[in-house]
Amino acid sequence: MTSPPEIIGHGTWYDKAAKELIERELRLGRSLDLIRTESGLGASGFPHIGSLGDCIRNYAIALAVEEQGYKAEYIAFSDDKDGLRKVPAGLPKELEKWIGYPVSDIPDPFGRCHESFGDHMSSLLLEALDVIGVDYRFMSGARVYRRGLLNREIIEIMENAERAGRIIYEEIGQTKFLNSLPYFPVCENCGRIYTTNAYRYLPDERRVLYRCEGMEVKGRWLEGCGYEGEVDVTAGEGKLSWKVEFAARWRALDIRFEAYGKDIADSVKVNDRICREILGHEPPMHVQYEMFLDKGGRKISKSAGNVFTPQVWFRYGSPQSLNLLLLKRFIGTRSVGVEDIPVYMDELDRLEDVYFNRVNIEDPKEKAKLRGLYEYCWLLKPPREPSVHIPYRLLVNLARVAPEGREEEYIREKLSEYGYLKRGKRGLEERIRYALNWVRDFEEPVRKPVELSAEEAEAVRRLIEELRRGRGADDYQSAVFKVARSLSLSPRRFFRTLYLILIGEPQGPRFGPYVEAIGVENAIGELERAVERD
RNA sequence: GGGCCCGUAGCUCAGCAAGGUAGAGCGACGGCCUCUUAAGCCGUGGGUCGAGGGUUCGAAUCCCUCCGGGCCCGCCA
């Protein structure tokens, strides 16, 4: 009640969770030499913003643990032994033939840039982690199985498969593993992993007997090849079902924390019990969060198949602004789209103002939280100086009207005029680039031919004459009124026409200075084209 | 069938971890550039925080019930 507001770490949710995590490990009496967090990286499709969220949040916990004075490590585990279930949007239909194959066995559809389909997909996510500056230890599921890192766990689970099947049934009502082993061998005949049914385990040889009988994948029946075989479960020729695999990973890799999306909540629930009851190991601390949803409606990028990827975000916004989206809240379903990027860019500026004491926050708890959030957006390596702050919308508006060929120069001039550059220009170049990308990608097609009435065409012709005679911004500005008066045209309407011709918008910057900025010859050129077309 | 989240200004949402005077953006409205151009600037209005109950000196925030909306999982991962 009246207790002083004791602030943990940087005052954020992450610091509190890290503290709980450490207290839990102390209670369990486990070594605190190295606290590992983990997240699984899907490798069967384009990494979505949410995939990055899995990584960043688990990494942020690792950072928070380090802030409490312990060593921590974040493991990015690629689920590349998983089979392909669906051809991702934007990729050729021919890939259908690879459905059911482990994604690490499928050739890279983009050519030779990566070893496999799975490798290509997970590397997209790793690239994003590198851009953001996440310090991770990468593990490939396929390689982990091949190197036998999970062998002890696989054997224990196979030996107790019946109990595992019962636990799965009790927790989520799934009957499949009452009759099958929670292990998917890669079929030695056809190479697929989802079509096999492992029905018997031979403990002495550590082999499973299986039939390639087929399985329903995403509502479609995937026919098996009928092959019957047996495989050594320690040879990396297959994988554990997700229902038991997490548990194996947690113990073998000594994972102490894993936050997960609610889509895998059931699997986590089952794996917690498997881990405790079969592997005799206390599972990691968990936090469940909601999903990020696509807003839809807006085309993002053809090559990415309309998936909202981190790479798309980086075209229009900074890595830190993306971190802000991913870190600021842990709960609540959130629909995200590119249209949200400006909001997060501006919000990050506000946080930066708080961090550098440019705005005062009375409540110390509130202040600590906002500062902490800012620091986590920078992964605890905040800059020493603030960047230049410009409302994103202003940049976009300037980018929209900037004369072709000298966009950056024009924007810099205007910003300077508006007084935005007084406190330095740190990060200005990137901001201009984001805004220009935004305009190029989302606002280009508005420039359509302007239909001119005979009167308007005449006005434009007269204006061209005046502009040729004029000498400077004031002359150009007056010319508009002069011409309008001479033809008893409403200046308002005439301006509208001129802006439509020059920038494709009914309104724009002050005419005279703008003509000077883009070069009077260029302006005349545009106007001539408009009358000729007419 | 099982589970999770949300409901706050006209709209979109923040605030909720750890209770202390209700916030932002957009829109609306009014004003500002001395030749009828605003992307800009200044200002105004606007909310019984879904409903009810509980805890508390104090609840948007914690607990319970209900109503409304959304999402995830259901023999894959």
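Just so we're clear, the structure is a prediction, and the values are computed from it rather than from any experiment. Values below: every heavy atom of this structure, side chains too, minus hydrogens, waters and symmetry copies. Sequence lines set the chain letters: A, B, ... in the order given, protein chains first and strands last, and positions in each chain run from 1.
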Asks: Look up atom CD in A:Glu153 and atom CD in A:Glu245, then write down how far apart they are to the nearest 0.5 Å.
Replies: 11.5 Å

Asks: Rounded to the Å, how far apart are A:Tyr392 OH and B:A24 P?
Replies: 24 Å

Asks: Holding to side chain to side chain contact (heavy atoms under 4.5 Å, CB included), I want the full list of residues that pass it with A:Ser241, two or more places apart in sequence or in another chain.
Replies: A:Phe177, A:Pro182, A:Phe184, A:Lys243

Asks: How many Å lie between CG on A:Leu351 and C1' on B:A14, as a whole number?
Replies: 12 Å

Asks: Between A:Glu23 and A:Lys19, does any NZ, NE, NH1 or NH2 come within less than 4.0 Å of an OD or OE carboxylate oxygen?
Replies: yes

Asks: Who passes side chain to side chain contact (heavy atoms under 4.5 Å, CB included) against A:Arg85, sequence neighbours left out?
Replies: A:Ser44, A:Tyr194, A:Val217, A:Lys218

Asks: On a whole-Å scale, what distance lies between the P atoms belonging to B:C64 and B:C6?
Replies: 13 Å

Asks: In whole Å, what separates the C1' atom of B:G40 from that of B:G3?
Replies: 50 Å

Asks: Could you check whether A:Gln477 gets within reach of a base, just the sugar-phosphate, or nothing at all, counting any heavy atom under 4.0 Å?
Replies: base

Asks: Please give the distance between the C1' atoms of B:A39 and B:G46 as a whole number of Å.
Replies: 26 Å

Asks: What distance, rounded to whole Å, do you find between the two C1' atoms, one in B:C66 and one in B:G30?
Replies: 45 Å

Asks: Figure out the CZ/P separation between A:Arg393 and B:A24, and round it to whole Å.
Replies: 17 Å

Asks: Considering only the P atoms, how many Å lie between B:G20 and B:C63, rounded to the nearest integer?
Replies: 15 Å

Asks: Applying ring pair (Phe, Tyr, Trp, His ring centres under 6.0 Å), can you list everything that pairs with A:Phe511, at least two apart in sequence or on another chain?
Replies: none

Asks: Considering only the P atoms, how many Å lie between B:A17 and B:C73, rounded to the nearest integer?
Replies: 29 Å

Asks: Nearest of B:C35, B:G15, B:A39 to any side-chain atom of A:Phe481?
Replies: B:C35

Asks: Identify, with sequence neighbours excluded, every residue that meets side chain to side chain donor-acceptor pair (under 3.5 Å) alongside A:Glu413.
Replies: A:Arg406

Asks: Take nucleotides 72-77 of chain B nucleotide by nucleotide from the 5' end and write B, S or -, depending on whether a protein heavy atom sits under 4.0 Å from the base, only from the sugar-phosphate, or from neither.
Replies: SS-BBB

Asks: B:A39 P sits how many Å from A:Leu395 CG, rounded?
Replies: 16 Å

Asks: Please report the distance, rounded to the nearest Å, between NZ in A:Lys367 and C1' in B:A17.
Replies: 21 Å

Asks: Between atom CG in A:Asp346 and atom C1' in B:A14, what is the gap in whole Å?
Replies: 14 Å

Asks: For A:Tyr14, enumerate each residue passing the side chain to side chain contact (heavy atoms under 4.5 Å, CB included) test, keeping only those at least two apart in sequence or located in another chain.
Replies: A:Thr12, A:Arg57, A:Ala60, A:Ile61, A:Ala64, A:Leu327, A:Phe330, A:Tyr376

Asks: I'd like the C1' distance from B:U21 over to B:U61, given in whole Å.
Replies: 15 Å

Asks: Please list, chain by chain and in numerical order, all residues satisfying ring pair (Phe, Tyr, Trp, His ring centres under 6.0 Å) with A:Tyr514, sequence neighbours excluded.
Replies: none

Asks: Considering residues at least two apart in sequence or located in another chain, which fulfil the ring pair (Phe, Tyr, Trp, His ring centres under 6.0 Å) criterion with A:Tyr169?
Replies: none

Asks: Can you tell me how far C1' of B:C35 sits from CZ of A:Phe494, to the nearest Å?
Replies: 15 Å

Asks: Using only side-chain N and O atoms of A:Lys482, determine if any of them is under 4.0 Å from OP1 or OP2 of B:C35.
Replies: no

Asks: Less than 4.0 Å between a side-chain N and a carboxylate O, is that true for A:Arg24 and A:Glu20?
Replies: no

Asks: Mind calculating the distance between OH (A:Tyr420) and P (B:A39) to the nearest angstrom?
Replies: 14 Å

Asks: With rounding to the closest Å, how many angstrom separate the C1' atoms on B:A51 and B:G68?
Replies: 10 Å

Asks: Need to verify one output field. Residue with the more 5' nearest nucleotide on RNA chain B, A:Asp15 or A:Ser478?
Replies: A:Asp15

Asks: Return yes if some donor-acceptor pair links the side-chain N/O of A:Asp346 with the main-chain N/O of A:Pro391 below 3.5 Å, else return no.
Replies: no

Asks: For RNA chain B, produce a single dot-bracket line, 5' to 3'. Pairs: Watson-Crick or G-U wobble, both distances under 3.5 Å. Symbols: ( ) within strand, [ ] crossing, | other strand, . unpaired.
Replies: ((((((((.[[[[.)....(..]]]].(((((.......))))).....[[[[[..)....]]]]])))))))....

Asks: Mapping A:Ala479 and A:Trp13 onto RNA chain B by nearest heavy atom, which one lands closer to the 5' end?
Replies: A:Trp13

